[in-house]
Amino acid sequence: MLLGIRIPPGVSRGSPVPNGATGLRNAYLSLILNDDPPATIENVAPEGKLPAPPGKIYGISVGAGLAGFVDTQAVAKIPDDLYNTVLDTGHPGAWIDLFSKDPRIPQYANTIVPFAPDHQNIVFCQSGWGDGFYPLLATRATDGRMTALHLDFGIIYHD
């Protein structure tokens, strides 16, 4: 499921946040927009949508146990059959080969999207508990600017 969120243009970094207590499952996948300290955290409404009503959240549905962040211009260039044509082709250079072979390191990758117009990248990882629905959260600085986006894989319990 694709969830469109407008973020400021520029350089950002994506990385998984592992939780060692759960066998190094990824607890979050974060897209860091700047180094400002976060002051608040909130569920993110997709572009053009109203905030979610009380008790509801926006997020993504995950299949194949993988989730990630990618530029919307690059999405149009990702093949329809992503799994067999790019992710796990059985040939050298498949995206799945970018994951570390070391079981002590959380599985994630940051790579260029094939045929993307401006060589945009995709950051993706194993999604905590695998397939399912995961909330998309944003942290914001005291002035309201977004500092990061986070896919919460439900590893760490929140009240």
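Because only heavy atoms are used, hydrogens play no part in the values below, and waters and symmetry mates are left out as well, while side chains stay in. Please read all numbers here as calculations on a predicted model, not as lab measurements.
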Report the residues that fulfil side-chain contact (heavy atoms from CB on, under 4.5 Å) with A52, sequence neighbours left out, ordered by chain and then residue number.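 side-chain contact (heavy atoms from CB on, under 4.5 Å) check on A52 returns N43, K56, Y58.
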
Counting N and O atoms only, with roles assigned by atom type, does the side chain of [X] sit under 3.5 Å from a partner on the main chain of [Y], one being a donor and the other an acceptor?
| X | Y | result |
| --- | --- | --- |
| T89 | H91 | yes |
| S127 | G65 | yes |
| W129 | G154 | yes |
| T147 | T139 | yes |

Please tell me if the side chains of [X] and [Y] come closer than 4.5 Å, counting only heavy atoms from C-beta onward.
| X | Y | result |
| --- | --- | --- |
| T111 | I122 | yes |
| Y28 | L151 | no |
| W95 | L87 | yes |
| V70 | Q120 | no |

Measuring from N34:CG to M146:CE, what's the distance to the nearest 0.5 Å?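 With rounding to 0.5 Å, CG (N34) is 10.5 Å from CE (M146).
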
Interatomic spacing from CD1 in I112 to CG in N121 - rounded to 0.5 Å: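 With rounding to 0.5 Å, CD1 (I112) is 5.5 Å from CG (N121).
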
In terms of ring plane angle, is the pair F99 and F124 parallel, tilted or perpendicular, where the classes change at 30° and 60°?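 Geometry flag for F124 against F99: tilted rings.
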
Does L136 form a side-chain contact (heavy atoms from CB on, under 4.5 Å) with F69? I'd like the steps, not just the answer. CA-CA 11 Å; L136 181 63; F69 294 110; 3.9 Å; yes

Examine V113 and L98 and state if one hydrophobic cluster contains both, with Ile, Leu, Val, Met, Phe, Trp and Tyr joined whenever side-chain heavy atoms are less than 4.5 Å apart.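 The answer is yes; both residues are in one hydrophobic cluster.
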
V86, I96: one ILVMFWY side-chain cluster at the under-4.5 Å cut-off?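 Result: yes, single cluster for both.
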
Tell me, which pairs form a salt bridge (charged side-chain N to carboxylate O under 4.0 Å, His left out) where one or both residues lie in residues 29-41, sequence neighbours left out?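 Passing the test, one end in residues 29-41: R13-D35, D36-R145.
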
Testing the basics here: between A138 and L149, what is the closest heavy-atom pair and its distance to 0.1 Å?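 So the two residues come closest at CB-CD2, 4.1 Å.
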
Looking only at non-hydrogen atoms, find the nearest pair between A148 and H150 and report the distance.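 It is CB-NE2, 3.4 Å.
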
Test side chain to side chain donor-acceptor pair (under 3.5 Å) applied to N84 - qualifying residues, sequence neighbours left out: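 By the side chain to side chain donor-acceptor pair (under 3.5 Å) rule, N84 matches D81.
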
Chi angles and distances behind the side-chain contact (heavy atoms from CB on, under 4.5 Å) call for V123, L29: CA-CA 9 Å; V123 177; L29 178 62; 4.0 Å; yes

